[in-house]
2 protein chains.
Amino acid sequence: MVVTTRTLRTRARILDAALDLFEHQGYDATTVNQIAVAAGITPMTFFRHFPTKDAVLVTDPYDPLIADAVGAQPADLPPLERTRLGLLAALGDITPTEDTTARRRVALVAQSPSLRAAVSVGTDATQQAIADRLVADGADPLDAAIAAAACLAATTTALLAWGSAPSGVTLTDLVRRALAQLAPAGATP
Amino acid sequence: MVVTTRTLRTRARILDAALDLFEHQGYDATTVNQIAVAAGITPMTFFRHFPTKDAVLVTDPYDPLIADAVGAQPADLPPLERTRLGLLAALGDITPTEDTTARRRVALVAQSPSLRAAVSVGTDATQQAIADRLVADGADPLDAAIAAAACLAATTTALLAWGSAPSGVTLTDLVRRALAQLAPAGATP
DNA sequence: CACCGGATGTTAGCGACTAACATTTCATGG
DNA sequence: CCATGAAATGTTAGTCGCTAACATCCGGTG
């Protein structure tokens, strides 16, 4: 879909309506039809802007950045440590613009199992990207997949926790803390 | 549903028909209707035996065992290490009866993203069970959730890899190898 | 103002899943 | 051996997510 003024306006209206409904009556209890009505459009139009219902809340544009950051770490480290440092480099200093809607979305995802399933699909892609990079540098495929899976699981857990954390806590802190637990025997970085 | 002779027969017929169809034409391309016809029943009856289409392949009866095994590890260990040892104790010597259908199922799950999403829902429950146990013994909730998530992600990755591994490889070997990567700086257990 | 491309609507349909009610099967006990 | 009652199955009708083909409308350009 080409991006025009109209496109952006409708997309924003859908997003607002969806977030409101999700927060008021829960994700599963909200129908695409209801969202469409609230946004003044047709269900069909909803799907022209978002491929699925959950895409309103779940978006993962980070894959290539993360894979690159992992690849940028010293290639002689073990896969787990390389992935860990890569994720720290890519996400360690994210400042999510203190955007409230980001937290609203994460909080919603944290509450609904069906949404977490959608997240895991996106995570799968990222995991694959990281593992491919590690294998390209000579890592064993299974070791690479395991390292990517473990580090991403820890990171995702931190992200979900951030959704319902007190407002002072930053996402960066939580991610650093999550990955620190996977560090080799008591190293601070 | 009460378990009678009939119940078991029908369930077995559904399972056979479903596995065959899934392997021949793929999971997503297979309809519950097709499964029902092949099993000589009605779609309605299918759902009386399996709550969802994916339940034919994805079942997780391990939660309590695993949580108990984690709780049985020394309480003074850090959460990650405690979880790791618990999983090793619970899964480290599984001998899946060399049952072929187990591998068939895992292989199918490994191929379809929608099925992996279903797995992640089951994993969520296990993760929660483990984390609860750790928190009950005084662990920090976030640390506990992260430890459980990372260890389970590694284990799940090993499980999926087993689905398409050469037939000599045992699931035990892969799980041990996966969790070994999360061990503190070069310890063999 | 006429035009044209992109955004929206309409209609029709598939597949997963559910509820309410009718029907058949099968293991009992008389 | 057969009647009986409960459990399993079928029927029907519906909701919701999602898709395709085609018609329509709106908005900016010339």
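Throughout, a chain's letter reflects where its sequence line sits, starting with A, and its residues are numbered from 1.
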May I have the list of side-chain donor-acceptor pairs in residues 133-142 of chain B shorter than 3.5 Å, sequence neighbours left out?
from, atom 1, to, atom 2, distance (Å)
B/Arg133, NH1, B/Asp68, OD1, 3.1
B/Arg133, NH2, B/Asp68, OD1, 3.4
B/Asp137, OD2, B/Arg82, NH1, 3.1
B/Asp137, OD2, B/Arg82, NH2, 2.6
B/Asp140, OD1, A/Arg177, NH2, 3.3
B/Asp140, OD2, A/Arg177, NH2, 2.6
B/Asp140, OD2, B/Leu142, N, 2.9
B/Asp140, OD2, B/Asp143, N, 3.1

Tell me: [atom1] of [X] to [atom2] of [N], nearest whole Å?
X       : N      : atom1 : atom2 : answer
B/Phe50 : C/dC17 : CZ    : P     : 13 Å
B/Ile14 : D/dG10 : CD1   : C1'   : 14 Å
B/Asn33 : D/dT11 : CG    : P     : 12 Å
A/Arg13 : C/dT8  : CZ    : C1'   : 11 Å
B/Arg6  : D/dA6  : CZ    : P     : 15 Å
B/Leu8  : D/dA7  : CG    : P     : 15 Å
A/Asp54 : D/dC18 : CG    : C1'   : 12 Å
A/Ile35 : D/dC16 : CD1   : C1'   : 12 Å

Legend entry - Side chain A/Arg48 and base C/dG6 donor-acceptor under 3.5 Å: no
Inset, instruction - Nearest-nucleotide wise, let me know which of B/Arg9 and B/Lys53 is further upstream toward the 5' end of DNA chain C. - result: B/Lys53
Select base, sugar-phosphate, or nothing to describe what [X] touches, counting heavy atoms under 4.0 Å on all strands.
X        : result
A/Thr42  : base
B/Thr4   : sugar-phosphate
A/Pro51  : sugar-phosphate
B/Ser114 : nothing

Between [X] and [N], is there a side-chain N or O to OP1/OP2 distance below 4.0 Å?
X       : N      : answer
A/Thr52 : D/dG17 : no
B/Thr45 : D/dT9  : no
B/His49 : D/dT9  : yes
A/Thr7  : C/dA7  : yes

Legend entry - Minimum side-chain heavy-atom gap B/Leu174-B/Thr170 below 4.5 Å: no
Legend entry - 4.5 Å side-chain heavy-atom contact, B/Leu21 and B/Tyr27: no
Inset, instruction - Using only heavy-atom distances, determine whether the side chains of A/Ser114 and A/Asp54 contain a donor-acceptor pair under 3.5 Å. - result: no
Legend entry - Path from A/Val56 to A/Phe47 over hydrophobic side-chain contacts below 4.5 Å: yes
Inset, instruction - Looking only at side-chain atoms of B/Ile41, point me to the closest of D/dG10, C/dA16, D/dC16. - result: D/dG10
Inset, instruction - For A/Met44 and for A/Tyr27, locate the closest nucleotide of DNA chain D by heavy-atom distance; then report the residue assigned to the nucleotide nearer the 5' terminus. - result: A/Tyr27
